Every structure is written in structure tokens, then in C-alpha cells.
**Student:** 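Right, I'll just put the structure down here and ask away after.
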Amino acid sequence: MPNHQIGFDLISDLYVDNWAEDINWTAEPTSIMAVVAGDVSSDLDRTVYELKRISECYKQVIYIDGDLEHQSHLESVPSNRSYLNRKIERMKNCIYLYENVLLLNNTAFVGANLWWSPGNTKTNINDEEWVDEMRLLSLHHADLEYLRNTERRLQVTPNVNNIVIISHTVPNRELLVEPYRENLATDASDWIEMEDFDHKIKAWCFGHGTRPVKFKMHRCEYVSNPKGLPSSWCGLQYHPQRVTI
């Protein structure tokens with residue numbers, strides 16, 4: 001079966017509410033497709049608006065939500081996801097990857113917010129913090145289980161040669177610099193790689209970090225391209241990162 005090369009632009013962590021000027025997306029594309037890995041805006045309508053702006057400059061846009069879109073109100077995640085899905089369905093060339101798989105040229109795109117499991121264990125945690133941590137843990141494991149089940153299915157799907165995973169959160173603490181590792185108690189990629197018995201996973205794109213990442217580990221290239229908040233910004237301009245499979 002032919003293995004066609006595919007390329008796309010990776011975008012994440014735009015935090016559009018925190019920047020005075022919008023990105024002029026018409027000058028940015030290096031590909032006909034863009035992947036947006038979450039944390040666009042804390043306002044769902046503003047997130048949809050920015051996705052529309054991006055989709056005007058690309059033939060196909062693939063999106064997964066970040067924690068910012070849910071404004072830290074974890075009890076609203078299901079309704080927020082339903083709202084995003086209804087809005088994005090109206091856009092002809094944008095797909096919300098939550099519980100969806102996109103197949104292009106024998107490459108399957110699979111996505112999940114993935115959240116993260118709580119890091120440092122506190123001894124003086126109050127009831128409200130405990131409830132939030134349990135919700136967070138539940139969301140993390142639900143997304144992780146979805147990725148594992150989908151990965152198993154795609155491993156035995158004949159017309160899938162390559163798999164690209166897109167998550168908002170960082171899939172492994174080893175991809176972070178200290179001291180951030182201690183606040184991200186997840187090694188999701190270790191669990192997913194256990195299912196990759198046919199070596200189909202070629203790239204894992206993610207956001208949620210503060211610096212770009214491009215690192216190859218176990219046949220998979222891990223790539224992140226966050227814009228981030230003005231307080232953490234270390235560049236003069238933000239550009240999409242080209243990823244080729």
C-alpha cells in the first residue's frame with residue numbers, strides 16, 4: 001500500500017484574549033492544513049471566531065480543545081464540548097477532533113484534550129480542591145482510555161499506515177524542563193506506545209507548554225509550538241510550525 005507524505009502547520013496556545021493584536025493568518029500558511037492544539041480563548045465564541053479566521057487561510061483545520069476553553073470550570077466540560085461541536089460543525093473545513101478520527105492519505109488524525117493527572121499531593125487540601133482534582137483525574141483517564149481504544153482499532157485498520165496524535169496537554173513529563181515536571185504527573189505516551197505494536201504512530205503534536213518542542217523518541221516525533229501568554233513570550237513573532245509525516 002502506498003505511503004503518501006502529508007504535511008501540516010501546528011498552532012497552539014494562542015491566548016487571543018491576552019494579546020492586543022490579532023495574527024494575520026493570511027501570511028502564515030506553509031501547508032494547506034493546520035492543526036490547532038487548544039488554549040485558543042477562555043470564551044468559546046471567541047475560540048470559534050479564531051478558528052474561522054484560521055480556516056479562511058487553510059483548506060483543512062483540525063482542532064482539539066485545551067483547558068483554557070473550559071475556564072477551569074471542570075463541571076461544564078461536557079456542555080462546553082457539545083457547544084463547540086455544534087458551532088464547528090457549521091464550518092465546512094474545520095473538524096473538532098474530540099471523539100472523531102480524520103483519515104487523509106492513509107494517515108489517521110486522533111485527538112484528545114488529555115488534561116493531566118494531578119501532580120504534587122497536598123496534605124492540607126480543602127474539599128473544593130479535592131473535588132476539582134477528582135474531576136481532573138476522571139477527565140484525564142477518560143481521554144487516555146479513548147486514545148488507547150482508538151489506537152488499538154487503528155492498528156488493525158488496513159488503510160491506515162500512519163497515525164498522528166494531537167493532544168492539548170504535554171504527553172510525557174520528559175518533554176518538559178524543570179521545574180514544570182513536578183506539576184504534570186502524567187506519562188500518557190508510555191501507555192499509548194504500548195498499543196503501537198505495528199509502529200504506526202509517527203507524530204504526537206501537543207500544546208500546554210511554554211516553549212517549542214521537537215524531539216524524536218521511540219520512532220515518534222513529538223512537536224509543540226505554543227504562542228503562550230505575553231508574560232512567557234520569548235520571541236518577536238509567532239509562526240506555525242511545519243510538520244511532515
Side-chain angles (χ1 to χ4, degrees), residues 8-29 31-102 109-116 128 131-132 135-136 138-140 142-143 146 165-170 205-210 224-233 237-241:
F8 55 89
D9 286 350
L10 177 59
I11 300 163
S12 78
D13 301 83
L14 294 176
Y15 286 94
V16 294
D17 307 326
N18 299 85
W19 293 88
E21 295 184 6
D22 290 338
I23 295 174
N24 177 17
W25 293 110
T26 58
E28 296 299 335
S31 172
I32 62 173
M33 182 166 63
V35 166
V36 183
D39 275 10
V40 177
S41 168
S42 61
D43 183 309
L44 296 183
D45 289 319
R46 184 67 179 86
T47 295
V48 172
Y49 173 73
E50 193 66 20
L51 290 173
K52 286 181 179 177
R53 292 185 67 241
I54 296 171
S55 68
E56 289 171 356
C57 303
Y58 290 89
K59 187 174 180 180
Q60 177 70 64
V61 175
I62 303 171
Y63 164 74
I64 196 66
D65 52 302
D67 55 290
L68 180 65
E69 279 85 328
H70 304 285
Q71 304 178 75
S72 300
H73 299 308
L74 301 180
E75 70 278 6
S76 301
V77 170
S79 60
N80 288 345
R81 282 173 163 169
S82 295
Y83 184 81
L84 282 169
N85 191 54
R86 290 198 307 273
K87 291 289 186 177
I88 293 172
E89 276 185 334
R90 300 174 186 174
M91 301 166 61
K92 294 180 180 179
N93 62 333
C94 185
I95 182 171
Y96 182 24
L97 209 54
Y98 174 66
E99 294 189 342
N100 280 316
V101 175
L102 180 65
F109 290 83
V110 185
N113 183 313
L114 199 53
W115 304 90
W116 54 92
E128 185 176 348
V131 170
D132 280 345
R135 282 179 175 147
L136 186 60
S138 178
L139 287 165
H140 168 69
D143 279 4
Y146 166 76
I165 298 177
I166 301 161
S167 67
H168 169 63
T169 199
V170 184
C205 300
F206 61 95
H208 197 66
T210 58
S224 181
N225 184 39
K227 181 177 183 182
L229 291 164
S231 58
S232 62
W233 181 242
Q237 288 183 309
Y238 177 76
H239 301 286
Q241 172 67 52

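This chain uses plain numbering: 1 for the first residue, then up along the sequence. The analysis underlying the following values was restricted to heavy atoms, covering all of them including side chains, and did not include hydrogens, waters or symmetry mates. Worth saying up front: this structure is predicted, and the values here are computed from it rather than measured.
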**Student:** Is there a side-chain contact between Leu102 and Ile62 (heavy atoms, below 4.5 Å)?
**Tutor:**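 They are in contact (side-chain heavy atoms under 4.5 Å apart), so the answer is yes.
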**Student:** For the aromatic rings, using the six-membered ring if either is Trp, is the centroid distance between His70 and Trp115 under 6.0 Å?
**Tutor:**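 Judged by ring-centre distance (under 6.0 Å), His70 and Trp115 do meet the cut-off.
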**Student:** Shortest non-hydrogen contact from Ser167 to Ile64?
**Tutor:**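 Closest approach of Ser167 to Ile64: C-CG2, 4.2 Å.
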**Student:** Using atom types as modelled and distance alone, determine if a side-chain donor or acceptor of Ser55 lies under 3.5 Å from a backbone N or O of Lys52.
**Tutor:**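 A pair under 3.5 Å: yes.
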**Student:** Classify the side-chain pair Asp65/Tyr96 by whether it contains a donor and acceptor separated by less than 3.5 Å.
**Tutor:**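 Short answer, yes.
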**Student:** Side chains of Phe8 and Ile32: does their closest heavy-atom pair fall under 4.5 Å?
**Tutor:**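 Phe8 vs Ile32: side chains apart.
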**Student:** Do Leu114 and Phe206 have side-chain heavy atoms sitting under 4.5 Å apart?
**Tutor:**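 Counting from C-beta outward, Leu114 and Phe206 never come under 4.5 Å.
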**Student:** Are any side-chain N or O atoms of Asn85 and backbone N or O atoms of Arg81, one a donor and one an acceptor, separated by less than 3.5 Å?
**Tutor:**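 A pair under 3.5 Å: no.
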**Student:** With the side chain counted from C-beta on, respond yes when Asp39 and His168 share a heavy-atom pair under 4.5 Å apart, and no when they do not.
**Tutor:**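 Yes; the side chains approach each other to less than 4.5 Å.
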**Student:** When you check the side-chain N and O atoms of Tyr58 and Asp9, is any donor under 3.5 Å from an acceptor?
**Tutor:**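 The criterion, which ignores hydrogens and geometry beyond distance, is satisfied for Asp9 and Tyr58.
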**Student:** Taking the basic N atoms (NZ, or NE/NH1/NH2) and the acidic carboxylate oxygens, is any pair closer than 4.0 Å for Arg86 and Glu89?
**Tutor:**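 Not counted as a salt bridge, because no side-chain N and carboxylate O are separated by less than 4.0 Å.
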**Student:** Do the non-hydrogen side-chain atoms of Val16 and Arg46 ever get within less than 4.5 Å of each other?
**Tutor:**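 With C-beta onward as the side chain, the pair touches.
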**Student:** Before you tell me yes or no, could you show the steps for Ile166 and Tyr63 under side chain to side chain contact (heavy atoms under 4.5 Å, CB included), namely the whole-Å CA-CA distance, both residues' side-chain angles and the distance that decides it to 0.1 Å?
**Tutor:** CA-CA 9 Å; Ile166 301 161; Tyr63 164 74; over 6 Å; no
**Student:** Rounded to the nearest 0.5 Å, what separates atom CD in Glu56 from atom CE in Met91?
**Tutor:**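 Result: 8.5 Å between the selected atoms.
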**Student:** For side chain to side chain contact (heavy atoms under 4.5 Å, CB included), just list the numbers for Tyr15 and Val40, CA-CA rounded to whole Å, side-chain angles, deciding distance to a tenth of an Å, and then say yes or no.
**Tutor:** CA-CA 5 Å; Tyr15 286 94; Val40 177; over 6 Å; no
**Student:** For a side chain to side chain contact (heavy atoms under 4.5 Å, CB included) check, start with the C-alpha distance between Ile54 and Val36, then their side-chain angles and the critical distance, and finish with the verdict.
**Tutor:** CA-CA 9 Å; Ile54 296 171; Val36 183; 4.1 Å; yes
**Student:** Quick one about Ser41 and Asp43 (side-chain donor to acceptor, distance below 3.5 Å, no hydrogens or angles considered), yes or no?
**Tutor:**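 There is no such pair (donor and acceptor under 3.5 Å, judged by atom type) between the side chains of Asp43 and Ser41.
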**Student:** Do you see a donor-acceptor pair shorter than 3.5 Å between the side chains of Tyr83 and Asp45?
**Tutor:**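 Yes, because at least one side-chain N or O of Tyr83 sits under 3.5 Å from a partner of the opposite role on Asp45.
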**Student:** Looking at OG of Ser138 and CG of Leu74, how far apart are the two atoms once the value is rounded to the nearest 0.5 Å?
**Tutor:**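 Interatomic distance, Ser138 OG to Leu74 CG, rounded to 0.5 Å: 10.0 Å.
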**Student:** For residues Cys94 and Ile88, report the shortest heavy-atom separation together with the two atoms involved.
**Tutor:**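 Scanning both residues completely, I find the closest heavy atoms to be O-CG2, 3.6 Å.
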**Student:** Does any non-hydrogen side-chain atom of Glu69 lie less than 4.5 Å from one of Leu44?
**Tutor:**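 A side-chain contact exists here, since the closest heavy-atom pair is under 4.5 Å.
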**Student:** Less than 4.5 Å apart, side chain to side chain, heavy atoms only: is that true for Ile165 and Phe109?
**Tutor:**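 A side-chain contact under 4.5 Å is absent here.
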**Student:** Please round to the nearest 0.5 Å and tell me the distance separating atom CG of Asn80 and atom CD of Gln71.
**Tutor:**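 CD of Gln71 is found 7.5 Å from CG of Asn80.
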**Student:** Check this for me: Tyr146, atom OH, are more than 12 non-hydrogen atoms of other residues, nucleotides or ligands nearer than 6.0 Å?
**Tutor:**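 For Tyr146, atom OH is crowded (more than 12 foreign heavy atoms under 6.0 Å).
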**Student:** Is the backbone N or O of Ile23 less than 3.5 Å from a side-chain atom of Arg53, with the two atoms forming a donor-acceptor pair by type?
**Tutor:**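 Present.
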**Student:** Going by atom types alone, do Ser42 and Asp17 pair a side-chain donor with an acceptor below 3.5 Å?
**Tutor:**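 Short answer, yes.
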**Student:** Supply the atom-to-atom distance Leu51 CG to Leu14 CG, rounded to the nearest 0.5 angstrom.
**Tutor:**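 Atom-to-atom, Leu51:CG and Leu14:CG are 9.0 Å apart.
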**Student:** I'd like to know if the side chain of Asn113 pairs up with that of Asp143 as donor and acceptor (distance under 3.5 Å, no hydrogens or angles considered).
**Tutor:**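 No, because no side-chain N or O of Asn113 sits under 3.5 Å from a partner of the opposite role on Asp143.
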**Student:** Please test Met33 against Lys59 for side chain to side chain contact (heavy atoms under 4.5 Å, CB included), starting from the C-alpha separation and ending with a verdict.
**Tutor:** CA-CA 6 Å; Met33 182 166 63; Lys59 187 174 180 180; over 6 Å; no
**Student:** Working to the nearest 0.5 angstrom, can you tell me the gap between Ser82 OG and Lys87 NZ?
**Tutor:**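 Going from OG on Ser82 over to NZ on Lys87, the span is 13.5 Å.
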**Student:** Can you name the nearest heavy-atom pair linking Gly207 to Ser224, along with the distance?
**Tutor:**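 Nearest heavy atoms, Gly207 then Ser224: CA-OG, 3.9 Å.
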**Student:** So which heavy atom on Asp13 is nearest to which on Pro226, and how close?
**Tutor:**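 The answer is OD1-CB, 3.6 Å.
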**Student:** Please tell me whether Asn225 and Ser12 have a donor and an acceptor in their side chains that are separated by less than 3.5 angstrom.
**Tutor:**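 No, because no side-chain N or O of Asn225 sits under 3.5 Å from a partner of the opposite role on Ser12.
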**Student:** Within the 4.5 Å heavy-atom criterion, are Asn100 and Ile95 side-chain neighbours or not?
**Tutor:**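 Yes - at least one pair of side-chain heavy atoms lies under 4.5 Å apart.
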